[in-house]
Each structure stands twice: as C-alpha cells, then as structure tokens.
Amino acid sequence: MSYRRRAASSVLALSLAMAAAAPAAAQQNPPTLEAVVGHDSGERITRPADVRRYFEALRAANPDRMVMGDYATTWEGRPLLWAAVGSPRNIARLEEIKAASRALGDPRKTSPDQARALIADMPVIVWMAYSVHGNEISPADAAMVAARRLTDSLDAEAQAWLQNAVVVFVPTQNPDGRERFINSFEAGLGAQPNPDPLSAERAEPWPSGRFNHNLFDLNRDWFIQSQPETQGHAALIREWRPQVLVDSHEMGSDSSFFFPPEADPLNPWIYPPILEARERFGRNNGMRFDQAGLNYFTRETYDAFYPGYGDGWPAYFGAVSMTYEQGSARGLAARRSTGEVMTYADTVKGHLTATLSTIETAARDRERLLNDFYAFHRDGITGGRGAYVISRASAADPAAADKLAGLLVRSGLEVGRATAAFSACGQNYRPGDFVVNLSQPQRRMAETLLAKDVPLDSKFLAEQEARRARGLGDEIYDLTGWSLPLLFNVPTQRCASAPSVQTTAVGPELIRPAVVAGTNATYGYAVHPGTAGMRFLTAALTDKLPIRSIEEPFTLDGKAYPGGTFIVPRAGSPADLDAHVRRLAAGSGAQVTALATSWVSSGPNVGSDAAVTLRAPRVAMAWDDPTDPESAGSIRHVLEREYGWPVTPVRTRRLSSADLSRYQVLILPSGGNYERILGEDGVANLRAWVQNGGVLIGVGSASRLLTDPDAKLLDSRRENAVVKDADKAEDASGATAAGTEIASDVDYLERVTHRVGSPDSVAGVLAHAVVDQEHWLGAGVAHELSVMVRGSDIYTPLTRDQGTNVVRLAGPDQVLASGQLWAENRRQLAYKPVAMASEIGRGQVVAFTQDVTMRAFLEGLKPLFLNAVFRGPAHASGGNGEER
C-alpha cells in the first residue's frame, strides 16, 4: 500500500467506526470519493472542481436525501455551492422548514404558542462551512466524507440524526484560494510527500492560498461584505436562519485541534444561552475526540470579541456559531517540532470527528436549540430600548450614510428612512435621516455594530496589563474598535427612546441614485466631493470629460461649495454632456448642481490657478514581496472594484530598474522590508522618478521606506518607545527617532515650527484625527476623521519646511475614539501624523502611516486616499508620461 493510501485509510476507518451502529454500512450505498475523482479522502488534496463533482455524485445517488444549489460566483468564475442533507421527509419540505426558521426569528409575527407548534415538528438547521482560507485544506475533504456518511441510507446512526437535523454543507468557501494553494503545492511535490518544513511543497509563494482572488481575508469580511463570496454566503444565511453554525479552519502544524469554549475576551453582546450551548457542543466534541484518540484544546486562544468573523457575525443572528481549528499539514505531510509526522489524512480525521460530533449534539439538543433561537429574538424585541439615529443630512459625506444603512440591512437589521423632520436625543433631524429602532429581533447585531465602543472585560484588561508589566504581549486576537459609524465617519447617536417619526424601509442597496439639481447648465456642472463625488470623478475621467477642481471653499450663484468641488465645464465636453452627467449622477449617487454661470462671488474662481485640472492618471502599484497581500489586495479592490480605476501591479523587484516614466502614480502597499527588495539602486530609481514629477504613495509600514534617511524622500522618522533619556532612544543610523510626547496644541505648534525599541503594538483601535483642509490632500475631506491605528509604528511630524502633516491624531485625552489603547500609546500617539505630504523636485511624496484602505471598510478615509491618487498628479509640476 502506498504512503498516501496508508494515510487515507485512517479516514475511512474512522468513518466506519463511527457508523458501527449500522449493520450494513460496508455496502457503500453512496459512491466513494475514489470512484468519482480517482483518490481516497486524505490521499490527495481535492481540487474545488472535484469537490463539486463528488457532491453532485452524492446527490445523484440519493436525490431524496440531498439537494444542492449555488449561492455566488467567485472573482475567477467558480460557482460556490451549498448542499443540504436530511431525511427524505425533511428534504421534501425544505422550503417549509426554512420558512419556519424565519418565523422563529420574528416573534412579533410568531406568538409563543405558534412557536411551540413549529418547534414540535421542525428539525434544527446545522450549518457546516469549510475552508474559508484556501490553504486550510482539510475541512473541505472532511465535508465530503461527512456528507457521504449522512447520505448512506444504511447508516442507522446518521439517519437517526437526520430525523432531528437538516445539515447544510458549504464545503469550499474560497475555491480560488484553494486552487492557488494546490497549484503551488503540487509544483513542488516529489515522488513522495516531504514533511520537512523547508521543502518546496510546503513553502507557499506570495500571496499564499489564504486569500481569495482579490487577496481579502474572507474571515474578516462578514459585516462589510465587500467580496462576492461573503455577500452570497451572508444572504444564504439570512434566507435559511440556521440555529447552529460551524466555521472550520486550520492553524499551525504544531497545534492539535481547537473548539469552543473560546478564550477571553468575549463580546458582551453575545446572548448568554449561546455561550452555554457552545460549552455543550465542546463537551460532546471532547468525548468523541477522546474516543478517537485525538488531542484538542479549548479556551487557550481564539477569542469571541470581534464580530467580523465567520463565527462572530452569525452569533448576532441567534446561531450557536463556533470556530473549529485543526493543526495543518499544509500539504500531505508535516513534521512537527517534536519530530512527529502528521499526515493530511490525520487532519481530515480531526475535522470529520468534529463535524459528526456537532451534528450528533445538535440532533440530540434539537428542541432546546430551537427554543433558545426563538428566545434570542424575543430578547431582541423585549430588551430593546431606544434607537440609533444616523444623520444623513449633516454627514460630511451623505453617500457614506447611504452605504452604511444598506450594509446594516445586509446584516439583517431593519433600518427606516424618516419621511419628515423629527427630534431625538435633544437634536433636530431632517427627512432622509435613518432610524434603527432597537426593539427588533437583531437588536444585538445593532448594538455591536453601531455602538461607539464595545468594552473589554475589566478583569481581562487587568490581566493584560499584568502581562505587559512582565514584558509579555497582550492576548487580543484582532481589532478592539470597529464601530461602523466611526469607520464611515457618519454622525450617529444612540437615543434612550425611539423617535416617533414615520419611516420607510431601507433596502440593501449601497448607492442611492442622485438627480441633478437645477436645469440651467449653460456653463456646466458642480459635483460635491466625498465618496460619491469620487465615483463620479473616476467615471467622468473614463469618459474623457474635462474636470477641474476648486480646492478651497467658494460661493457661486449664491450657493456655498466646499473645497474639493469638481467642475465639469461645457466647453471641451461632448455635445451630449447633459446625458453623460445625468447617467453619472445616477450611477455614483453624487450631488450634482447645474451651473448657469462661472461667476464666483467669494473664494477662488473656476478659471484661476487655484482651480487645478484633473487628468486621468496611470497608476502602478508594488505587487509581490515584500507587500502585505491584504494591503495590496484592499488598495487594488478600492481602486478597481469600487471606483472602476485600473491599476498596473508591478512585481516589486522590477521597480528597481523599471522605466516608470509612463506612470503618474506609484503606490507602495503596507508590507515588509522594501529596501531589501529594491536595493540602493531601486530606491534611487524611485527618487529620480518622483523628482521628475511622479506621485509616490506609501501606505502603512511602507512609510518606513519613505522616512528612511538614506531614501531621501521624506524627513519624518519612525519613533522608538518613549524613554526618560531621549538621547538613549536615538538610532545610530538615524532611521528612527526618539519617541516624544506632545501634550497640547501649543506643544504641537512648537514641535512643527522648531525641529528638534518600538512602542507597544496596538491591536486595532479607532482614533480621532484632524485634517488640514487647506492642503490639496485634504480637499473635500471632513475636518475630523476616525483612523484605524494598528501595530507599533509612530512617526515624527514634519516641520513646515519639510512638508505638511495633512492629517494628525488628536491630543492625548481625545485621541481614542473606540477600542483599547494602552496609556503609553495614547500619550505617544497624540498629535502624530497619519498623512504627510512633501514636494520632492517636481513630484510629490505622500505617506499614510496607517493602512487607510484596510479591509475596504474605512469608508471615511477613502476620499483622502483617492485625493492622493487623483489630485496628487495635478499638484506635481510637469508630471510623467501621457494620461491614460
């Protein structure tokens, strides 16, 4: 027997052992994986197309026990499948079961007596989702073995489970990433699997198989739903409303298997019975793992605080949602640090054991789970007091408010648009403002997404401070601040009582089509800035319309316009300009006003030097090592997918000697050591390109290159941690600077007027920042923003002779907007720059010290980033190459 077959046989053995109650299980009623795709489970890593082939074969063999469908299509065109397995009776009435589950989800329409009648005759819906990360490979194979077991009509134990449960399999949430991983793995595979950590088959090239085609981590996309895989999956969950949901992953090879209960901290908005149910599932898993001789752990890692995970977001729909993590072979075999060799079949065995145990527990606890599900939604209605009011009218960017409202609906919330003016929280609101009444089934979803801050447990925080005092890192797994109103920079208030105003229901649309204001466009049109204005701009440049930007506030025909307003003159435009503008306004949602004249009564004139001409820039971006794939992916997604602007990804090494003269903009995503990849000659090549009129944009940790003294690009320096003797904190190379604390506005002004180891890492907080709206980079951007701050990079402000700190953080008492920020970080971050701009020769250098496109959810920062891309070339003297 071959190495692979010996390994694979353990999976089959486990499946048969767990089916011991079925006397004729060996008759192989459903087809085997080998018969359909040519290999046994655990013998090879099954490709996405073969996963689909096998589920189709199972359905064909047992059409009365399985149905299938597709819920979305990936960027690379692969359909995403789901498959529901149940008893013949339950499959025949599947639509009725889904309707009953939705009815339990709305106690306003379903009385307790009606709920009891539904629960008496309906199965629990168990949702098993696998392999959201493409290089976490064993869950998908385990899904196939489990589905085969459930569709075996001769397996008495499995058929008993299916009297009480319908199981929905989502076997490959990320087939694009899985295919990328398999291709890189098989390219390095020899005659036999090589478990050595250094073997080529186990060394994934950039960007790894973890991410989807757009290089997004789909396990962080659930409440923003920027990717088609997540959008479709979320909609499917809203349709089915499962009571149990598992998101199955892999982790490092030295680990065993994780299942809940989770580690602290726990999100306080999780419904307590969900935590109790997770404990019950964990106990049954533990028993089954003991029987199978498998190691596992609970509580030691993987917290349940951030709501953006595949097991986080569904919890606020009332599902007992759980993450399962298996130590990964990252191939067919892995040698652990102990010397033990773990096979792919071993990892499939772990997930198979957990899957079957979960279904067993859900079937056993059917009635309790359904009652808790109904109670969750009753709690939402009876426990809800007050409302969140989202001000569209007073938002600096009304289009961001529209998108926020649509996203809330996509997260299952009921959002109303006021039809009249009203008062709430002691403030006056206008028609069109949004109301999220908290007396609704998904109240806990509303609270966790809309609250300004979700607090961490005080005991947990005390433990983290004690760890830090011992020189240990904190145990926070992901972000601590994610408030959607802050991410979108939209004013939102939580009111103690819901306003009594009539509303109309908001739909899931993210862009609200706009209508041109005014009819006399003798001169042309004015377009307000912001996210919708930027969508208009990119579409107008694509259509080759002439665009000018007045970067300071002005008044025209008695109407005040903000700085950054775009002007589309009739002169130089096509004859059908009016039709163009109407179409672009509808598609972008931009606020557009017809202009009868160009006569300005205050502020810069349309024809003055203060009104710059915007041209279509050619944009290049560093791609491959050392960029962070997520940063590169989010930048490209924002530009190409959200704003329709093409980007040329260039392998970073090629930037060392590439002729960049045809590009006006070059973006360096956050990442690792650019100097190592580019070399001295490469950095000199970038500097010469900037001096000749290029716009160089550094995002996040790419600012380290821009501020390196040897690069001669930007005179800011990365700070060390604050020490008592500042002289001791200086880096001998000058690459970093002593950490400083700026205590007041007066100190800040003194610091920028007279030039004079790393801070602790921040898990992810939202911070208050102030914008210099007089600089072109801040044109049309709100005066105050919320910025996501992560990591340990802090930079010194530029002095006035060095450039401009266009966006800086607020003072120490105001800097924290949401999340957990250590006191030392708060003091050192105060007044430090988030966005810096400097002229170098004829070009511009822009440094964003934080990743302003992170996860594509920082809606409030997108106009700032887009200003760098589209306004930057207009402020570079001369510029490079021809326009696009």
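The chain is numbered in sequence order, starting from 1.
Between the side chains of Thr230 and Asp221, a donor-acceptor pair is found at a separation under 3.5 Å. Side-chain atoms of Arg278 and Ser321 include a donor-acceptor pair closer than 3.5 Å. Looking only at atom types and distance, the side chain of Glu367 has no donor-acceptor partner in the side chain of Asn164 under 3.5 Å away. Side-chain polar atoms of Asn212 and Gln227 form a donor-acceptor pair below 3.5 angstrom.
Taking CD from Gln231 and CZ from Arg410, the interatomic distance works out to 5.5 Å, rounded to the nearest 0.5 Å. Atoms CG and CD, on Leu370 and Gln243 in that order, are 5.0 Å from each other to the nearest 0.5 Å. Atom CD1 in Ile476 sits 8.5 Å away from atom CG in Asp303 (nearest 0.5 Å). Atoms CD and CD, from Gln820 and Gln464 in turn, are 9.0 Å apart once rounded to the nearest 0.5 Å. Here the CG-NZ distance, from Leu484 to Lys403, works out to 11.0 Å after rounding to the nearest 0.5 Å. In this structure, the separation between CD1 on Ile390 and CZ on Phe488 is 10.0 Å, given to the nearest 0.5 Å.
Evaluation of the salt bridge (charged side-chain N to carboxylate O under 4.0 Å, His left out) rule for Arg855 yields Asp478 as partners, not counting sequence neighbours. By the side chain to side chain donor-acceptor pair (under 3.5 Å) test, Ser458 pairs with no residue at all, sequence neighbours left out. Checked against side chain to side chain donor-acceptor pair (under 3.5 Å), Tyr130 has the following partners two or more places apart in sequence or in another chain: Thr355. For Asp264, the side-chain contact (heavy atoms from CB on, under 4.5 Å) criterion is met by Leu266, Phe460, not counting sequence neighbours. Taking the salt bridge (charged side-chain N to carboxylate O under 4.0 Å, His left out) definition, one finds that Arg368 meets it with nothing, sequence neighbours left out. Looking at residues two or more places apart in sequence or on another chain, you find a salt bridge (charged side-chain N to carboxylate O under 4.0 Å, His left out) between Glu475 and Arg467. For Gln163, there are no side chain to side chain donor-acceptor pair (under 3.5 Å) partners at least two apart in sequence or on another chain. Scored by the side-chain contact (heavy atoms from CB on, under 4.5 Å) test, Asn284 finds Met287, Arg288, Ser357, Glu360, Thr361, Arg364 as partners (sequence neighbours excluded). Legend: residues meeting side-chain contact (heavy atoms from CB on, under 4.5 Å) with Lys109, ordered by chain and number and at least two apart, are Asp106. With sequence neighbours excluded, no residue forms a salt bridge (charged side-chain N to carboxylate O under 4.0 Å, His left out) with Glu325. Every residue meeting the side chain to side chain donor-acceptor pair (under 3.5 Å) condition with Thr46, not counting sequence neighbours, appears here in chain and number order: His39, Asp141.
Between Arg641 and Trp75, some side-chain heavy-atom pair lies under the 4.5 Å cut-off. No side-chain heavy atom of His133 sits under 4.5 Å from any side-chain heavy atom of Phe181. Looking at Phe223 and Tyr306, their side chains come closer than 4.5 Å, going by heavy atoms from C-beta outward. Inter-residue side-chain proximity for Val168 and Val126 is flagged as unmet; no heavy-atom pair is nearer than 4.5 Å. With contacts defined as side-chain heavy-atom distances shorter than 4.5 Å, the pair Thr480/Leu456 qualifies. In this structure the side chain of Val244 never reaches within 4.5 angstrom of the side chain of Ile125, judged on heavy atoms. Counting heavy atoms from C-beta on, the side chains of Lys452 and Arg494 never come closer than 4.5 Å. Inter-residue side-chain proximity for Leu487 and Ser786 is flagged as unmet; no heavy-atom pair is nearer than 4.5 Å.
A cation-pi arrangement is not found for Arg444 relative to Tyr316, the charged atom failing to lie both closer than 6.0 Å to the ring centre and inside a 45° cone about the ring normal.
Across all non-hydrogen atoms, the minimal contact from Met788 to Phe857 is CE-CZ, 4.0 Å. Across all their heavy atoms, Arg65 and Thr151 have their closest contact at CD-O, 4.0 Å. Residue Arg330 comes nearest to Met251 through the heavy atom pair NH1-O, 4.3 Å, listed as atom of the first residue, atom of the second, then distance. Scanning both residues, Asn135 and Ser208, for their nearest heavy atoms gives ND2-OG, 4.1 Å. What you find for Arg366 and Pro123 is that their closest heavy atoms are CD-CA, 4.1 Å. The minimum heavy-atom distance between Gly310 and Leu245, with the atom names listed, is O-CD2, 3.4 Å.
Side-chain N or O atoms of Asn214 include none that pairs as donor or acceptor with a backbone N or O of Phe216 at under 3.5 Å. In this structure, Thr110 contributes its side chain and Ala103 its backbone to a donor-acceptor pair below 3.5 Å.
Between Phe258 and Tyr324, the gap from one ring centroid to the other reaches at least 6.0 Å. Phe259 and Tyr296 have their aromatic ring centers within a separation under 6.0 angstrom. Between Trp482 and Phe305, the gap from one ring centroid to the other is short of 6.0 Å. For Phe257 and Phe289, the ring centers are positioned less than 6.0 Å apart. Trp222 has its ring centre less than 6.0 Å from the ring centre of His233.
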Checking side chain to side chain contact (heavy atoms under 4.5 Å, CB included) for the pair Gln225/Ser411: CA distance, chi angles, key distance, verdict?
CA-CA 9 Å; Gln225 296 179 27; Ser411 280; 4.1 Å; yes
Before you tell me yes or no, could you show the steps for Val454 and Glu447 under side chain to side chain contact (heavy atoms under 4.5 Å, CB included), namely the whole-Å CA-CA distance, both residues' side-chain angles and the distance that decides it to 0.1 Å?
CA-CA 9 Å; Val454 176; Glu447 294 281 23; over 6 Å; no
Could you check Asp217 against Arg210 for salt bridge (charged side-chain N to carboxylate O under 4.0 Å, His left out), going step by step and ending with a plain yes or no?
CA-CA 7 Å; Asp217 184 335; Arg210 178 179 178 87; 3.0 Å; yes
Could you go through Trp240 and Ser101, starting from their C-alpha distance and side-chain angles, then the distance that decides it, and tell me whether this counts as side chain to side chain contact (heavy atoms under 4.5 Å, CB included)?
CA-CA 7 Å; Trp240 282 76; Ser101 191; over 6 Å; no
Are Met322 and Asp311 close enough, and set up right, to give a side chain to side chain contact (heavy atoms under 4.5 Å, CB included), and what steps lead you there?
CA-CA 5 Å; Met322 299 170 284; Asp311 75 327; 5.6 Å; no
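Looking at Val170, Thr73, Thr74 one by one, the single match for side chain to side chain contact (heavy atoms under 4.5 Å, CB included) with Leu80 turns out to be Thr74.
Applying the ring-ring contact (aromatic ring centres under 6.0 Å, His included) test to every pair with at least one member in residues 355-384, sequence neighbours left out, gives these pairs: Tyr271-Phe376, Phe373-His377.
A salt bridge does not link Glu276 to Arg280: none of the charged side-chain nitrogens sits closer than 4.0 Å to a carboxylate oxygen.
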